[in-house]
Asker: 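Sharing a structure with you now.
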2 protein chains.
Amino acid sequence: MTAPALPVMCAALGDATRWEILTRLGEGPMSASALARVLPVSRQAIGKHLDVLREVGLVESEQRGREVVHLAVGARLGALARELDRIGRSWETRLLRVKELAERPEPDAVP
Amino acid sequence: MTAPALPVMCAALGDATRWEILTRLGEGPMSASALARVLPVSRQAIGKHLDVLREVGLVESEQRGREVVHLAVGARLGALARELDRIGRSWETRLLRVKELAERPEPDAVP
DNA sequence: GAGATGTGCAATCTTTGAGTTGCACATGGA
DNA sequence: TCCATGTGCAACTCAAAGATTGCACATCTC
């Protein structure tokens, strides 16, 4: 799967219920019904959240007998983290350059 | 400012227009009106997005004469990235442990 | 001082998304 | 075989979020 756009990835993580789900799935594989027993939402709602998370690669699902178990994919979260870190650094360096220019009184005009 | 909860941070980043805004602000300080001239949304809409971004610390604002200029805060994005990376790693290690147990045929019953 | 530009607040509209209920179907175990 | 459990699909409700328009006020510039 190709990496989804940043806003889509972040939107998938921008919901409290989905974080609850991810936290459980981070501890081990679970079925939608099992999640529904633990969390205060219906199985159908959880199913939709799992769709969203699977869409961006944060969750993988596997048929296991009668049920389907889901699991959180840490590697995908790590990839997102690296990308965000890269962007944050670029903002910082540009900020530094702007400040440097501001503090230098007469930086010479461009030839 | 104390770090906002993860879902809130991610929700702030989970919108395409806000990413547009952040991208511009990452290149240098801009006013809301200047952003509205560049982006295909009204100044008021941009103002609300800036509120959201400022709320989670991704943008800082400064009165400069008649106008208010805004700037993207890379450090905040870096902090989020580190936290996501930490969580992603924890998922991976748990996954490894589960697989280890699964591959070991008879790991002794709990006493 | 007059006009242009930038900002803030409020009311409104519209769409999206989270959540629910209901029903049909498959599958594992007694 | 019967029943409990798990899943999938569809229609519906409801609130929140993105976006717009309109107006009042401040401030820089000519």
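Throughout, protein chains are lettered first and strands after them, A, B, ... in sequence-line order, and every chain is numbered starting at 1.
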Asker: Rounded to whole angstrom units, what separation is found between the CD atom of A/E67 and the C1' atom of D/dG8?
Answerer: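 For the pair A/E67 CD and D/dG8 C1', the rounded distance is 15 Å.
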Asker: Expressed as a whole number of angstroms, how long is the span from A/R66:CZ to D/dT5:C1'?
Answerer: 4 Å
Asker: Touch check for B/G65, heavy atoms < 4.0 angstrom, all strands: base, sugar-phosphate only, or nothing?
Answerer: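 Sugar-phosphate contact only - B/G65 comes under 4.0 Å of backbone atoms but never of a base.
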Asker: Using whole Å, report how far CH2 of A/W19 lies from P of C/dA18.
Answerer: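 Distance, rounded to whole Å: 15 Å.
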Asker: Starting at CZ of B/R43 and ending at P of C/dT7, how long is that distance when rounded to a whole Å?
Answerer: 7 Å
Asker: Does a side-chain N or O from A/H49 land closer than 4.0 Å to OP1 or OP2 of C/dG19, or not?
Answerer: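 Affirmative; the distance criterion is met.
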Asker: Specify the separation, in whole Å, of atom CZ of A/R64 and atom C1' of D/dG6.
Answerer: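 The answer, rounded to whole Å, is 15 Å.
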Asker: Within the structure, does a side-chain N or O atom of B/S42 lie under 4.0 Å from either OP1 or OP2 of D/dT21?
Answerer: no
Asker: Please check the phosphate of D/dG18 (OP1 and OP2 only) for any side-chain N or O of B/T17 closer than 4.0 Å.
Answerer: no
Asker: Check whether any side-chain heavy atom of A/L58 sits under 4.5 Å from a side-chain heavy atom of A/L25, and report yes or no.
Answerer: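 When only atoms from C-beta onward are counted, A/L25 and A/L58 do not touch, as no gap falls below 4.5 Å.
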Asker: Specify the residue among A/I46 and B/Q44 whose closest nucleotide of DNA chain C lies further upstream toward the 5′ end.
Answerer: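 Upstream on the strand: B/Q44.
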Asker: Among the candidates D/dT20, C/dT20, D/dG8, find the nucleotide nearest to the side-chain atoms of B/A45.
Answerer: D/dT20
Asker: May I ask you to say whether A/R54 pairs ionically with A/D51, meaning some side-chain N is under 4.0 Å from a carboxylate O?
Answerer: yes
Asker: Between A/V52 and A/Q63, which has a closest nucleotide on DNA chain C that is more 5'?
Answerer: A/V52
Asker: Give the minimum heavy-atom separation between A/L77 and B/G88, together with the two atoms involved.
Answerer: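 The answer is CD2-N, 3.7 Å.
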Asker: Do A/R76 and A/M9 have side chains that approach each other closer than 4.5 Å (heavy atoms only, starting at C-beta)?
Answerer: yes
Asker: Considering only heavy atoms and no angle criterion, is a donor-acceptor pair shorter than 3.5 Å present between the side chain of A/K48 and the base of C/dG17?
Answerer: no
Asker: Which distance, rounded to the nearest 0.5 Å, do you find between the CG of B/L53 and the CZ of B/R18?
Answerer: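 Reported value, rounded in 0.5 Å steps: 6.0 Å.
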Asker: Round to the nearest Å and state the distance from B/L39 atom CG to D/dG18 atom P.
Answerer: 15 Å
Asker: Write down the distance between CZ (A/R37) and C1' (D/dG6), rounded to a whole number of angstrom.
Answerer: 9 Å
Asker: Whole-Å distance between D/dT5 P and A/M30 CE?
Answerer: 16 Å
